[in-house]
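We're numbering straight along the sequence, starting at 1. Both backbone and side-chain heavy atoms feed into the values below; hydrogens, waters and symmetry mates do not.
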Amino acid sequence: MRATRRALLRALFLTALAGGTAAALTPVLTADRNARRPRAPRAPGAPGALRGEVLFDETYRGRHLRGRRTGSPAGHGTGTGTAPDALRVTVDGRPLHLMRRADGGYLTVVDHYVSYPTPLAAARAAVDELGAAHLSASPTHRA
């Protein structure tokens, strides 16, 4: 039986499709495996540390940055409605709202387009972006 051009192209297409699917699914399947793996105890200042723990307290470009944990360690519910890894970050005493990304990074209300690896990096970037301006004194917007 002689292979035709159509059969050869079909086989080539299906091989490329299978390879592309495998390449696309590998990170998803690997991440799932890593999520189930037991983890070592967390260091102080790491996500999941104790409630109220100060993560950082420094002056950066003349601005006072402070971050502390407000939630409970993961798996230890407080019944208060706070997220396990909730943070309170302030710039000169005014709250800087951070949003946690699925990849573990952080976004700020000052710049929604860039992800930062740590809350401190996000706070420093917010200071850089704000320049001489100040954050609003109001912690949240209410309707």
Side-chain angles (χ1 to χ4, degrees), residues 1-61 63-92 94-136 138-143:
M1 186 167 144
R2 191 171 148 214
T4 64
R5 183 183 299 172
R6 181 177 292 179
L8 184 62
L9 288 175
R10 182 179 296 140
L12 183 62
F13 173 75
L14 291 175
T15 302
L17 182 66
T21 302
L25 290 179
T26 298
V28 174
L29 298 175
T30 303
D32 188 39
R33 238 183 272 137
N34 290 338
R36 293 182 191 159
R37 187 175 298 155
R39 295 184 178 153
R42 297 173 188 229
L50 297 176
R51 180 182 179 136
E53 177 188 5
V54 175
L55 301 175
F56 56 88
D57 191 355
E58 71 172 42
T59 301
Y60 177 74
R61 294 192 176 195
R63 297 289 191 72
H64 182 235
L65 306 179
R66 183 180 174 111
R68 68 179 177 85
R69 178 109 16 240
T70 60
S72 64
H76 298 88
T78 61
T80 61
T82 59
D85 288 333
L87 302 170
R88 176 167 169 82
V89 176
T90 59
V91 176
D92 292 336
R94 296 179 181 213
L96 172 67
H97 182 70
L98 296 181
M99 294 158 280
R100 187 78 187 253
R101 290 175 40 104
D103 66 1
Y106 295 87
L107 295 176
T108 69
V109 295
V110 177
D111 184 1
H112 281 87
Y113 302 106
V114 180
S115 177
Y116 301 96
T118 65
L120 178 58
R124 287 176 176 168
V127 168
D128 292 340
E129 189 70 26
L130 284 170
H134 293 282
L135 289 169
S136 170
S138 171
T140 59
H141 297 284
R142 299 182 190 229

Exercise. Which atoms form the tightest heavy-atom contact between A123 and V89, and what is the distance?
Worked result: CB-CG1, 4.0 Å
For this session: Heavy atoms only: give me the nearest A126-V110 pair and the separation to one decimal.
Result: CB-CG2, 4.0 Å
Exercise. For the residue pair L96 and A122, what are the closest heavy atoms and their distance?
Worked result: CD2-O, 4.5 Å
Problem set entry | Interatomic spacing from CG in L98 to CG in L107 - rounded to 0.5 Å | 9.0 Å
For this session: Identify the residue among T90, T59, D92, D57 that makes a side-chain hydrogen bond (donor to acceptor under 3.5 Å, both in side chains) with H64.
Result: D57
Problem set entry | Distance-only polar pair, side chains of R101 and Y106, donor-acceptor under 3.5 Å | no
Exercise. Any side-chain heavy atom of R68 sitting closer than 4.5 Å to one from L55?
Worked result: no
Seminar exercise, completed: Contacts of R6 meeting salt bridge (Lys or Arg N to Asp or Glu O under 4.0 Å) (sequence neighbours excluded), chain-then-number -> none
Exercise. Are any of the side-chain heavy atoms of R63 and L130 separated by less than 4.5 Å?
Worked result: yes
Name every donor-acceptor pair, under 3.5 Å, that has one atom in a side chain of residues 8-24 and the other anywhere in the protein, sequence neighbours excluded.
{"from": "T15", "atom 1": "OG1", "to": "A11", "atom 2": "O", "distance (Å)": "2.8"}
{"from": "T21", "atom 1": "OG1", "to": "L17", "atom 2": "O", "distance (Å)": "2.9"}

Exercise. If you look at every heavy atom in S115 and G105, which pair is closest and at what distance?
Worked result: OG-CA, 3.7 Å
Exercise. Should Y60 and D128 be marked as a side-chain contact (heavy atoms from CB on, under 4.5 Å) after you check the CA-CA gap, both sets of side-chain angles, and the distance that decides it?
Worked result: CA-CA 9 Å; Y60 177 74; D128 292 340; 3.1 Å; yes
Exercise. What residues, two or more places apart in sequence or in another chain, satisfy side chain to side chain contact (heavy atoms under 4.5 Å, CB included) together with L120?
Worked result: F56, E58, L65, T118, R124
